[in-house]
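Heads up: the structure comes next, in structure tokens.
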Number of protein chains: 4
Amino acid sequence: MMPANVTCESPAAGAASGAASPAAEVAVVGASGYTGALLAELLLRHPSLRLVAVSSDQLAGEPVRAHLPRLRSDLRFCRHDEVGGVDLAFVCSPHGQAATVVKRLLDDGARVVDLSADFRLPADVYREWYGEHPCPELTPGVYGLTELHRDEVATARLVANPGCYPTAALLALAPLRHLGLLDVVIDAKSGVSGAGKAATARTHFCSVDSDLVPYGVGSHRHTPEIELGLFPRRPSLTFVPHLAPLQRGISETIYVRLEVLPTAGDLRALYRDFYAGEPFIEVCEAPPELKDVAGTNVCRIFPHVDERAGRVVLVSAIDNLMKGASGQALQNANVMLGLPETEGLV
Amino acid sequence: MMPANVTCESPAAGAASGAASPAAEVAVVGASGYTGALLAELLLRHPSLRLVAVSSDQLAGEPVRAHLPRLRSDLRFCRHDEVGGVDLAFVCSPHGQAATVVKRLLDDGARVVDLSADFRLPADVYREWYGEHPCPELTPGVYGLTELHRDEVATARLVANPGCYPTAALLALAPLRHLGLLDVVIDAKSGVSGAGKAATARTHFCSVDSDLVPYGVGSHRHTPEIELGLFPRRPSLTFVPHLAPLQRGISETIYVRLEVLPTAGDLRALYRDFYAGEPFIEVCEAPPELKDVAGTNVCRIFPHVDERAGRVVLVSAIDNLMKGASGQALQNANVMLGLPETEGLV
Amino acid sequence: MMPANVTCESPAAGAASGAASPAAEVAVVGASGYTGALLAELLLRHPSLRLVAVSSDQLAGEPVRAHLPRLRSDLRFCRHDEVGGVDLAFVCSPHGQAATVVKRLLDDGARVVDLSADFRLPADVYREWYGEHPCPELTPGVYGLTELHRDEVATARLVANPGCYPTAALLALAPLRHLGLLDVVIDAKSGVSGAGKAATARTHFCSVDSDLVPYGVGSHRHTPEIELGLFPRRPSLTFVPHLAPLQRGISETIYVRLEVLPTAGDLRALYRDFYAGEPFIEVCEAPPELKDVAGTNVCRIFPHVDERAGRVVLVSAIDNLMKGASGQALQNANVMLGLPETEGLV
Amino acid sequence: MMPANVTCESPAAGAASGAASPAAEVAVVGASGYTGALLAELLLRHPSLRLVAVSSDQLAGEPVRAHLPRLRSDLRFCRHDEVGGVDLAFVCSPHGQAATVVKRLLDDGARVVDLSADFRLPADVYREWYGEHPCPELTPGVYGLTELHRDEVATARLVANPGCYPTAALLALAPLRHLGLLDVVIDAKSGVSGAGKAATARTHFCSVDSDLVPYGVGSHRHTPEIELGLFPRRPSLTFVPHLAPLQRGISETIYVRLEVLPTAGDLRALYRDFYAGEPFIEVCEAPPELKDVAGTNVCRIFPHVDERAGRVVLVSAIDNLMKGASGQALQNANVMLGLPETEGLV
């Protein structure tokens with residue numbers, strides 16, 4: 001097998017990075033979907049990373065531009081198994097397929113940020129929701145919710161990039177964990193890009209437009225990932241995602257019963273302290289709009305006390321393809337490689 | 001004051017109804033907004049009702065068609081105070097303004113379906129949420145959630161047509177009332193027509209499109225109306241409406257804790273029995289889509305048991321301008337006038 | 001083969017029509033797509049027609065409601081070849097497949113309104129754009145642009161229902177034909193339902209939303225149908241359809257050079273006279289909006305003289321699934337069966 | 001008057017630029033609208049420019065973040081007349097108001113990129129379409145269609161940034177000018193942001209969504225700007241803009257008659273040669289999609305020969321807020337200040 005940086009590299013891509021110090025070389029495996037394509041777009045603009053390979057088994061050999069006109073690059077797609085010799089690889093393959101790709105890349109010496117669900121759960125929990133794990137000895141990886149696991153991410157060889165829904169939920173819930181979570185309802189609304197690029201009856205424009213519908217009521221596979229993120233508390237948890245008529249963005253309204261209900265002032269202070277100094281978390285005074293996070297790696301969180309009902313209500317908003325996938329993956333890579341955490345993300 | 005049926009009537013409108021028996025004469029007060037215009041459109045097609053007046057103080061004197069091209073009628077707008085001598089009037093004025101119009105029409109001998117919030121609450125509750133009531137002696141009217149109050153509606157002189165959010169919520173929750181409601185969270189998503197026709201920063205296309213945001217978290221004025229509808233139970237209740245990027249439709253996902261959690265089979269049977277024979281309620285096997293109720297007076301309800309969390313999850317969908325406003329108003333009028341309940345609505 | 005009215009009929013459907021005089025029996029062949037489903041919905045409400053069969057080879061045997069919840073009927077889908085013994089059949093099969101179905105139904109004694117492209121063109125023109133015609137002896141049928149061919153439609157056995165784009169274009173252009181058409185540019189924008197129900201990369205929500213793109217530039221198959229409609233004039237014609245981010249509706253802006261440029265007043269008068277008394281054509285004073293024709297069988301036309309450029313500009317708007325397909329098909333059926341032309345359509 | 005760089009500057013903004021060489025200081029006048037806010041967002045990320053003032057008379061004194069959460073800056077709005085002492089100012093005031101602001105800034109020594117229509121036309125043409133010009137001695141400024149007027153822009157004190165529609169049209173038409181333009185029809189579709197941030201009946205979500213309508217048929221004020229751009233040829237020109245249900249983006253389909261119709265190959269070659277080396281112009285093989293230019297400063301152009309009709313058809317796509325306004329303004333500023341033309345724009 002020829003090394004990928006010979007096969008797939010483009011002189012123009014190299015020239016584009018143009019950093020004085022040797023840039024780390026990175027690859028995107030599975031770049032034909034939304035998250036892979038966006039990652040490649042981010043990486044082409046990143047000052048300290050050099051994108052040397054983007055792979056797609058179906059499109060291997062074709063110019064990237066022909067299929068992804070936003071990627072103003074001269075790279076060509078290579079096959080997955082041609083990717084090698086890189087410092088870090090982003091794996092955007094579907095769950096189930098990602099695991100073996102990840103294993104090969106780790107064996108090849110690369111560090112990996114895996115955007116699939118394959119390394120987020122212990123093997124036994126994975127089995128319950130997805131089936132037998134292809135590489136049980138490797139799972140779970142370091143859970144890459146950067147703000148909560150920064151130190152482990154920094155030294156990890158394999159980072160499991162969080163799911164989009166769990167990212168918005170766990171960032172919103174984390175400050176409440178020590179107040180005694182009793183009961184959590186997560187009503188999540190996602191744009192259609194969360195369902196992927198496959199053309200199906202559900203993603204047809206006439207199915208989505210002017211409509212809004214819950215799916216996977218009480219049975220969505222992100223449920224165990226959220227439960228694990230609340231460990232060791234095991235509140236009763238209901239998670240209901242909805243498909244909303246928009247492309248990008250997740251808004252979650254989260255209803256929480258706690259052992260002790262804080263005052264509005266205390267709740268606000270708790271959140272501000274918890275996330276003080278975080279470049280990508282904004283605690284806000286009103287429910288966040290998706291337009292304020294669109295295209296950014298920011299999570300905006302609105303904490304609120306509903307005194308009539310004795311409950312905390314949280315609203316959390318992210319761009320599902322950025323903080324919910326590709327952006328957070330790049331944030332993790334920056335941490336892993338010792339780069340400024342926000343580099344290439346603002 | 002000239003009687004309205006002289007001032008505003010159009011020969012064409014009369015001819016259009018063309019029923020053998022004398023049709024009841026009806027008027028729409030406040031027809032320039034969404035609900036009034038839609039009511040007028042429905043009434044022009046109704047076989048047993050004769051629309052003799054549509055009023056708008058701002059547009060008085062102008063042809064209806066010039067402003068509402070879908071109303072293929074030769075009527076002209078008249079002033080509110082020119083409406084008189086009708087059998088039944090639909091009042092679509094804003095809350096606060098509707099009350100005095102209603103009072104005048106009742107004094108004039110008309111029966112009234114009021115689509116505002118003015119007669120849904122007892123005067124003391126109204127005061128808490130809206131301010132002093134203009135006609136406290138008249139409120140509350142008969143609460144026009146037709147399926148639950150059909151007999152009182154039939155003989156009422158004044159029907160308070162329910163709010164859009166309470167309609168979807170109370171129809172979904174009604175079958176559970178005798179199971180002991182402990183805790184209710186209503187996460188509601190509404191199309192923009194629910195915010196009315198006024199051009200504001202919030203209703204600007206670029207504000208709504210590609211976005212989705214909660215508003216009035218824990219403080220929306222439909223909260224007391226829902227609470228009253230659950231009487232005598234007083235579960236802890238949190239109601240959070242969201243503005244979704246679509247024109248028409250409400251989808252509510254409702255999370256309920258009960259004293260006793262039913263089995264999935266019992267829950268399904270309970271709903272089917274409760275709504276057996278109802279022409280406008282459909283209990284369904286999967287979360288309802290808005291497209292299946294758009295333009296109809298139907299409420300579709302999906303009841304579900306979340307056994308992991310020990311909770312019932314309901315999904316309820318209506319067209320907010322139909323079952324949530326104009327359609328239900330016409331349904332009530334049919335009941336009041338002894339007409340078939342579905343006439344002009346299918 | 002069992003007669004369709006035994007196989008597919010539902011007692012409820014029969015009861016629903018409930019007309020005193022014996023209703024004509026009709027069938028929809030190919031009811032799983034948009035146009036067939038909408039036709040079935042219209043027919044279930046039609047006072048003088050009795051829908052006795054809806055067919056879909058894939059869904060044969062299944063309750064119609066399970067797949068099309070808006071069809072509040074107890075009918076079940078039957079196979080195409082089970083449809084028989086009806087007075088009139090609507091064929092909604094794809095072009096190429098429709099022709100043989102139509103032939104069989106004609107042989108069975110039914111009159112047919114065919115919504116495909118199969119009988120709109122003479123066999124030689126069909127061959128140029130679609131390939132060899134399966135039943136060249138039957139094509140063209142009577143071209144069912146009702147307002148222009150009412151008399152032939154009334155007596156036709158086979159009506160070729162016009163394409164959506166040609167309907168909007170030819171209704172707008174018809175009054176100009178005797179003024180000497182020299183040059184015609186049709187810039188058409190269509191909702192996504194025009195592309196059909198198939199889930200493809202092009203109909204994916206994330207492909208359509210927030211975008212607008214021409215397709216088939218200068219090569220769309222509706223071009224020859226429009227050319228034939230302008231016969232015997234052969235203006236130079238460019239037709240460019242665009243896919244717009246909306247579900248239903250076609251808006252065409254048409255740029256016309258004439259031998260003689262009329263004055264604005266003459267142009268307006270010409271259009272008003274030409275379409276005087278037509279129930280479904282509205283000549284208007286401002287560019288028509290799609291919302292004013294949505295869900296209706298109406299075509300709204302705005303004729304305008306651009307004096308600076310010496311050109312007439314027309315704007316034509318229809319609901320592509322109604323006047324552009326199912327609505328016009330029903331209008332044609334009304335004419336064929338001697339019913340009021342607007343019955344079931346207002 | 002205090003100098004703006006004292007009044008409005010924020011230490012954080014200064015720190016953000018962090019360039020070794022002294023950055024040019026710039027201001028955005030009228031930053032509460034779409035173009036001003038986007039310019040500010042671009043400038044905060046620009047490596048060689050230092051945003052020292054953003055003005056809004058209505059919001060003066062308030063933190064920018066409170067109104068524009070995407071501007072992650074500590075700047076506060078100042079009044080327009082507090083802006084001073086900057087190297088270059090972007091003026092985003094409405095036409096009519098911009099002229100006097102521009103004059104004051106020029107007198108203050110600043111170079112100016114004006115995004116309004118005030119300096120695009122000679123005073124006599126301005127008068128015909130807008131009324132008397134407030135500063136006739138200053139108009140026209142250098143017309144900032146960068147690709148066509150780069151040299152004049154480089155040395156200009158006042159650049160008139162082109163209108164959004166003319167940008168897309170003139171870039172598409174420029175290569176054809178020497179082929180003899182006889183007749184030009186521009187059918188343009190714009191997102192709603194082009195209509196500005198004002199909440200009006202036209203920009204209400206329920207007015208725009210699911211609709212598409214032409215406006216200003218034959219009378220839009222961008223017409224003379226396009227005509228001037230085609231000078232000295234005066235083809236007969238019809239320009240019809242349409243409001244499309246999307247936020248950002250302009251797609252224009254342009255129908256052109258030429259003295260000599262080129263072959264498809266010659267046309268393609270002509271465009272490739274004309275725009276060879278241009279970083280922001282992409283000649284493409286298929287009609288461009290808006291998603292491929294969204295958020296970028298790129299104009300994508302598809303040239304096509306319609307041989308049946310003897311006409312050239314062009315499709316041109318831009319992001320109306322980027323290449324159509326703020327992006328091109330920044331491109332012009334880069335040229336004026338001797339910076340790399342693409343800096344801060346990729």
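The sequence lines fix the lettering, A, B, ..., with proteins before strands; numbering per chain opens at 1.
- For the residue pair D:Cys164 and D:Ile250, the shortest heavy atom distance occurs at CB-CD1, 3.5 Å.
- In this structure, the portions of D:Asp187 lying under 4.5 Å from any heavy atom of chain C include both its backbone and its side chain.
- Listed options D:Gly310, D:Ala317, D:Ser207 were ranked by heavy-atom pairs under 4.5 angstrom with chain C; first place goes to D:Ser207.
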| field | Intermediate values then yes/no, salt bridge (Lys or Arg N to Asp or Glu O under 4.0 Å), C:Arg311 and C:Asp306 | value | CA-CA 5 Å; C:Arg311 194 166 5 225; C:Asp306 179 355; 5.1 Å; no
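- Contact count against chain C (heavy-atom pairs under 4.5 Å) is highest for D:Arg257 among D:Arg248, D:Arg257, D:Gln247.
- Of the listed residues (D:Ala244, D:Gly249, D:Pro214), the greatest number of heavy-atom pairs within a distance under 4.5 Å of chain C belongs to D:Pro214.
- For a residue to count as touching a neighbouring chain, one of its non-hydrogen atoms must lie under 4.5 Å from one of that chain's; by this rule C:Pro288 touches chain D with the backbone only.
- Shown here for D:Ala172 and D:Tyr271, the closest heavy-atom pair between the two residues is O-OH, 2.6 Å.
- Looking at C:Arg177, its side chain does come within 3.5 Å of a backbone N or O of C:Gly229 through a donor-acceptor pair.
- Nearest heavy atoms, C:Arg120 versus C:Leu228: O-CD1, 4.2 Å.
- Relative ring orientation between C:Tyr215 and C:Tyr165 is described as tilted, the plane-to-plane angle lying within the 30° to 60° band.
- Pairing each heavy atom of D:Leu243 with each of D:Val192, the nearest pair is CD1-CA, 4.0 Å.
- Heavy atoms of D:Val184 lying under 4.5 Å from chain C belong exclusively to its backbone.
- Contacts with chain C were tallied for D:Cys206, D:Ala294, D:Ser210; D:Ser210 has the most, counting heavy-atom pairs under 4.5 Å.
- Of the possible donor and acceptor atoms, one in the side chain of C:Thr167 sits under 3.5 Å from a partner among the backbone N and O of C:Gly163.
- A distance-only check finds no donor-acceptor pair linking the side chain of D:Ser316 to the backbone of D:Cys299 [under 3.5 Å].
- Contact annotation for C:Glu227: only side-chain heavy atoms (C-beta onward) come within less than 4.5 Å of a heavy atom of chain D.
- Between chain D and the options C:Val315, C:Val305, C:Thr253, the largest number of non-hydrogen pairs under 4.5 Å is found for C:Thr253.
- Using a distance-only test at 3.5 Å, with no hydrogens or angles considered, no donor-acceptor pair links the side chain of C:Asp319 to the main chain of C:Gly324.
- Heavy atoms of D:Ser219 lying under 4.5 Å from chain C are absent altogether.
- Counting heavy-atom pairs closer than 4.5 Å to chain C, the top residue among D:Asp183, D:Val240, D:Asp209, D:Thr223 is D:Asp183.
- Here the side chain of D:Thr35 pairs no donor or acceptor atom with the backbone of D:Ser326 at under 3.5 angstrom.
- Looking at C:Lys189, only its side chain comes within 4.5 Å of chain D, counting heavy atoms on both sides.
- Residue contact with chain D, scored on non-hydrogen atoms closer than 4.5 Å, involves the backbone and the side chain of C:Glu289 alike.
- A side-chain donor from one of C:Glu225 and C:Tyr143 sits under 3.5 Å from a side-chain acceptor of the other.
- No donor-acceptor pair closer than 3.5 Å links the side chain of C:Glu252 to the backbone N or O of C:Ile186.
- With a 4.5 angstrom heavy-atom cutoff, C:Val217 touches chain D via backbone and side-chain atoms both.
- No donor-acceptor distance shorter than 3.5 angstrom exists from the side chain of D:His304 to the backbone of D:Leu314, with no hydrogens or angles considered.
- At a 4.5 Å heavy-atom cutoff, the contact between C:Leu212 and chain D is made by backbone and side-chain atoms alike.
- Residue-level contacts of residues 121-132 of chain C with chain D, in order of numbering, are C:Glu128, C:Trp129; threshold 4.5 Å between heavy atoms.
- Heavy-atom distances place both the backbone and the side chain of D:Thr238 under 4.5 Å from chain C.
- The shortest non-hydrogen separation linking C:Ser193 to C:Tyr34 is O-CD1, 3.6 Å.
- Of the listed residues (C:Leu237, C:Leu246, C:Leu290), the greatest number of heavy-atom pairs within a distance under 4.5 Å of chain D belongs to C:Leu290.
- Put simply, of C:Val213, C:Asp292, C:Asp211, C:Val185, the one with the most heavy-atom pairs under 4.5 Å next to chain D is C:Asp211.
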